[in-house]
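Every chain is numbered from 1 and lettered A, B, ... according to where its sequence line falls, protein lines coming before strand lines.
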Amino acid sequence: MSFKIASSPHNHNQKSTSQLMLLVAAACIPGILIQAVFFGYGVLVQLVLAVITAWFTEALILILREKRILPRLKDNSALVTAVLLAVSIPPYAPWWIIVLGTAFAIIIVKQLYGGLGNNPFNPAMAAYIMLLVSFPVQMTQWLPALPQQAAELTPADAACAVFTGYSCSGYSMTQLQSTPDGITMATPLDTLRMDLSAGLTASESLQKPIFNNISGHGWFWVNLAYLLGGLLLLQQKVISWRIPLAITGTLFILSLLSWLSSPDTNGSPLFHLFAGATMLGAFFIATDPVSASTTDKGRIYYGILIGILVYSIRKYGGYPDAFAFAVVLANMTVPLIDYYTKPRAYGHTSRRRKQ
Amino acid sequence: METLFQKIQSGALWDFHGGIHPPTRKSQTSQKPIAVMPVPERLYIPLRQHTGVAGQLLVQEGQRVLKGQALTASDNAMTVPVHAATSGTVIAITEHTSAHPSSLPEPAIILEPDGLDEWRPREPMSLTTADNHAILERIQDSGIAGLGGAGFPTHLKIGKYQEIKYLIINAAECEPYITADDLLMQEEATTIVKGIDILCKLLNPQIVLIGLENDKPVASAAMKAACSQRQNYHIREVPVKYPSGGQKQLIKLLTGQEVPSGRRSTDIGIVMLNIGTVFAIAQAVLDDHPLISRVVTVTGDTLSQPQNVLALIGTPVSTLLSYCGFQPERRQRVIMGGPMMGFTLPDLSVPVVKITNCILAPTHKELPAAREETDCIRCSACADACPATLLPQQLLWYSKAQDTDKLKEYNLFDCIECGACAYVCPSEIPLVQYYRVAKADIREQQRDALKAEQTKARFDARNQRLEQEKQERLRRNQELAAARQKAQQDTGASNAVADALARIKARQQQTEPAGDQNREHIIAEREKQKQQARAYQQRKTVTGQQTAEAGTPATQSETAVPAENAQQAAIAAAIARAKAKKAQTKSAPTEDIAAETPAAAVTTANETTTDDPRKAAIAAAIARAKAKQAQQSTEAKEAPPAATVTTTNEAATDDPRKAAIAAAVARAKARKQTNSESS
Amino acid sequence: MSLLTALSAIGILAVLFGGILGYAAIRFKVDSDPLVDQIDEILPQTQCGQCGYPGCRPYAEAIAGGDAINKCPPGGEATIKKLADLMGVEAKPLDAAQTPAIKRVAYIREDECIGCTKCIQACPVDAIVGASKLMHTVLSDECTGCDLCVEPCPVDCIEMLPVPVTTDSWKWNLNTIQVRVLE
């Protein structure tokens, strides 16, 4: 009989990294399903491609780095990155977009910085920015939501569209992007901005068929689904409430203020909360523990910063949505935020009083 | 507006940051009475069981001791004695595996009980008549040191240095599994309250707060009943949360105050004692029952009867476990202390000491071993759990980088090593272990820095001294020179330079014939000594044959010596052997000499050990000196060392003093010869 | 002509500034190089001389003068790292000729000591006590483990013993704990 030497504590909470990551991925499922229903099955194809690429590239880099592969693949962090990127890009973007993006996220943004836990930027968002900047056409090929779609798309159509640029029945991407009456569609956020700059009032713009009475058709439901998934994560204590609340709160307040001051030139607060990637970004992307702030106070500041950036870019910028830029810019400030929001340790007087 | 004191008095509770809720698993033992164990076959009583230094030993091997008799003295303030837990014989005082995470051996007294359990005379004190000083002395002499786990000598804590406002009795016992304090309160509440009375007499606090977690209804009721006559004693039930039993955390919970970093609780007028310590104080003062036993929770799923046991200090863990029906698994973990802060034992001979509150022998299913450590995902679950509001993740980073300055900036030393961070870590990083290593490294660096400072001072002082001596010598020489010159001038010498030149020339002429002469002289001497050596060698072989039949010189010496000299002889022989070995490894030119030298050394040892150990040692040393020199003078040929060797042989049998002189002479000659040969 | 003017003007200016610089160098000269003090601060002050210099300060001066920073075995990697930071050079591994630092102190086998005082004279920090013809002993708390007393001993009765680990100096190396295997 021999005895085992171990360091205390000998007791462990059995919630592991891989379980946490799996939960995050699982919490995306409602959002993904709604997305698939409203915007076609392309998202599922993208998802499969992204996951395969992520696993493959992660394993490849781990081999090159001479690390053990299986424990790190099992931590599911590559899976989460793949899922987040897959749901962010247009569902019918060509296959090489997602493959390139995922490979970039895993290889350049994550592994080259030292792997899980060491990357300063959110891999999915950094990859999204890379794609958006490099391939603006493909990255803005959003289809109208279901009721406005020109043609009914089956899963096989989705696969054909992703791999060939044409659906199985031969529609081109441009055709698919159009509504039945032949108008090429942009996303609700884009539409509103273009309309506003074209001199229409917000309420006039919102009369367009792409909008329902709150935000875009489909987009509203997608956001709602991600909100549901986010609340699940909160309930499971996978994420902290601070970042999502700070983001949505800031966004709400900013949009409310400008909407009240000039309802004709601004989207309503509800429009902002339920358009674009708001809920996905607030609950799933900004809360990525690796690249977010780690202190309680810091998380609030981080969330507020993202909220401000999102609103500013949506209002003044030229991109379809602002979350990727906001998150990556906020990532850059994290070390600074963390440094200046160190909590007061037990038995110490606060920093301010010391000075 | 209520003052803080009024708030505390009215039962307000505060909260501390973080904390965790691991499964408590206390019900296995909290319902059963404290079992009294039979006296074990052996007691291993470590000399030091508290924070501080061990006292002077008062007993010898073979001595009979009585129950409660002090085995070490309480000779200074940082010392508390240890006592015999039962009557019996001290069979050994030796190193024994310590009840410390390192399991390094430390001195312990091994006591064989005689089964009589005979007490030493006891002098119970009366609280009404005894004065505070006598009580404090009794507490120290009874060996009482914090039973909660820190082992800090209690008399130092309660020797009144400043105004004490709050006396807090810590019965929170937040670690999972452990119910020792719970049971003590259930069974001994009245004695505990008497202990608090004693403390009140010593400290005169404004209020007494007894903090326990609200999962101990029976103990709470017992304590409330026992305190019913005391207006000033308040039972405070705090919510179950680990680590609410930590000193700093309980102070925050009960008073809302924080102990400033790096200070003691007495600095803010708070004294906190563990409930077990209070019980021990009551026993010591009122019954003159020193700290020789304590309640230990023996638990875990590998035991058929997990329960609390009143164990004698020094009882081996193996005895305790087998008493409770231990059925070990493969790669069993046996933990001393609780699952959060306890340490694993490498073997079961480790004794129960004053700070041992739990022995935990869990199954693998019950407490699975930690999985492989994976990358930190910066989730900050650790920071959320940290009861000291530190940032464990940053600390981990800087611990790995060994960045001492940053570690201090992030308050590493405020970490209480409670293990909450490692408990919640999804990547199973053994954070506490990293911090402990980092702390130990920093402490070592601090010790080294201090030592370097002292060393530098000593070095400088020495240099200064040497410089001073040099100056003095120089001055003396100058004075002498001046005096000489004066004398010379008086005799009227005309030209000093010419004089000096003449002197040098004269000396040159002298040295050459002198050198030849010297050499001849040495050769003659050597011849003589060789003869002597031969004679001696013969004599020696005769002696050798007389004393032992064995062939090798080494065994000769071992067998030949009388009992009382055995050790010295053995050492001498061993050294001689070592020399021989060294000599063999030497290069070819010196081989002959070397071969001869150890032989001589050995014979010296043989010869003299029968005589006088001190002489033998000296002779051996001299022989060694010769050997060393012989090896060093590689230029020199066979003759001179051989000569010295024979001299040694000759002299050693005679008189060590003479031998030394002879040796010195021979050495001088040898060196001269070497010099002249090489020049 | 204009070329000449320009050249001479530049030349005069150069001489002028050179003169000012030269004057400043003399006028504002810092007597004791504070760098030496800083280096000396970092060195472990064992005064062992294993670097080839008689004590830590001389080695500090040598480093300031451009000597290698990796000649200090008692300081080990930590000292080299600090020196590298201070001097702005690459940290090198400890000189191969030097032995790595395991903490040792000298121990005199007192039965064998002949009282020659040679080790006392060799000790740079006065950590050996004793008198002529009387045995000597090492004050192990003061000993820096510099080795300097071992060589002078004529009877080889000094050895360097590793400092034993105690529960106070133990550094939580769980892997070194000997697990006793019972049958």
Side-chain angles (χ1 to χ4, degrees), chain B residues 48 97-98 100-104 106 318 328 343-349 402 404 433 436-441 443-445 447-449 451-463 465 567-568 571-572 575 578-579 582 613-614 617-618 620-625 627-629 660 667, chain C residues 40-48 54-57 74-79 81-82 101 103 109-116 121 123-127 133 135 139 141-146 151 153-157 164-174 176-182:
Chain B
R48 192 181 74 145
T97 317
S98 61
H100 180 270
S102 67
S103 300
L104 288 168
E106 283 200 327
S318 53
F343 51 91
T344 47
L345 301 176
D347 72 76
L348 298 185
S349 67
Q402 300 186 327
T404 314
Q433 177 65 19
R436 287 187 191 122
V437 173
K439 280 183 184 177
D441 280 338
R443 287 205 192 96
E444 194 190 30
Q445 279 173 25
R447 272 198 301 269
D448 285 353
K451 194 173 171 186
E453 212 172 284
Q454 288 165 350
T455 311
K456 198 177 176 194
R458 289 177 78 85
F459 180 67
D460 291 343
R462 181 187 141 93
N463 282 351
R465 196 190 71 226
Q567 211 173 349
Q568 269 89 356
I571 292 169
I575 291 159
K579 293 291 151 210
K582 212 174 180 182
R614 177 74 188 152
I618 292 169
I622 292 161
R624 246 188 343 272
K628 190 182 178 187
Q629 227 146 35
R667 203 160 51 222
Chain C
D40 198 32
E41 200 83 325
I42 292 170
L43 293 173
Q45 303 300 334
T46 52
Q47 318 296 349
C48 66
C56 293
R57 187 151 187 106
E77 298 294 334
T79 299
K81 220 178 118 195
K82 282 188 212 154
K103 264 197 196 149
R109 288 191 298 267
E110 292 168 2
D111 278 343
E112 297 164 23
C113 174
I114 54 171
C116 69
Q121 291 158 32
C123 181
V125 292
D126 282 342
K133 306 247 171 85
M135 66 160 188
L139 306 174
D141 281 346
E142 308 293 346
C143 178
T144 62
C146 70
E151 193 46 43
C153 180
V155 293
D156 275 354
C157 73
V165 181
T166 64
T167 47
D168 292 326
S169 67
W170 185 59
K171 289 167 80 179
W172 284 92
N173 194 346
L174 292 172
T176 58
I177 295 177
Q178 291 288 315
V179 176
R180 192 183 298 172
V181 180
L182 307 174

Surrounding [atom1] of [X] (heavy atoms of other residues, nucleotides or ligands, distance under 6.0 Å), is the total greater than 12?
{"X": "C:Glu142", "atom1": "CD", "result": "yes"}
{"X": "B:Glu453", "atom1": "CD", "result": "no"}
{"X": "B:Lys451", "atom1": "NZ", "result": "yes"}

Between [X] and chain C, with a heavy-atom cut-off of 4.5 Å, which part of the residue counts as in contact: side chain, backbone, both or neither?
{"X": "B:Gln402", "answer": "neither"}
{"X": "B:Ser98", "answer": "side chain"}
{"X": "B:Asp448", "answer": "side chain"}

Exercise. Give the C-alpha distance, both sets of side-chain angles, the deciding distance and a yes or no for salt bridge (Lys or Arg N to Asp or Glu O under 4.0 Å) between B:Arg462 and C:Asp126.
Key: CA-CA 7 Å; B:Arg462 181 187 141 93; C:Asp126 282 342; 3.4 Å; yes
Quiz item: What part of C:Cys116 gets closer than 4.5 Å to chain B, counting heavy atoms only: side chain, backbone, both or neither?
Solution: neither
Exercise. Below 4.5 Å from any heavy atom of chain B, which atoms of C:Asp40 appear? Answer side chain, backbone, both or neither.
Key: side chain
Quiz item: Any idea which of B:Ala452, B:Ser102, B:Pro101 has the most non-hydrogen atom pairs under 4.5 angstrom with chain C?
Solution: B:Ser102
Quiz item: Do you know which of B:Ala440, B:Ala438, B:Ala461, B:Ser103 has the most heavy-atom pairs with chain C at a distance under 4.5 angstrom?
Solution: B:Ala440
Quiz item: Which residue out of C:Leu174, C:Val125, C:Thr167 racks up the most heavy-atom pairs below 4.5 Å with chain B?
Solution: C:Thr167
Exercise. Fit a plane to each ring of B:His100 and C:Trp170, take the angle between them on a 0 to 90° scale, and name the class: parallel (under 30°), tilted (30 to 60°) or perpendicular (over 60°).
Key: perpendicular
Quiz item: Ignoring hydrogens and geometry, is there a side-chain-to-backbone donor-acceptor pair from B:Arg443 to C:Asp168 under 3.5 Å?
Solution: no
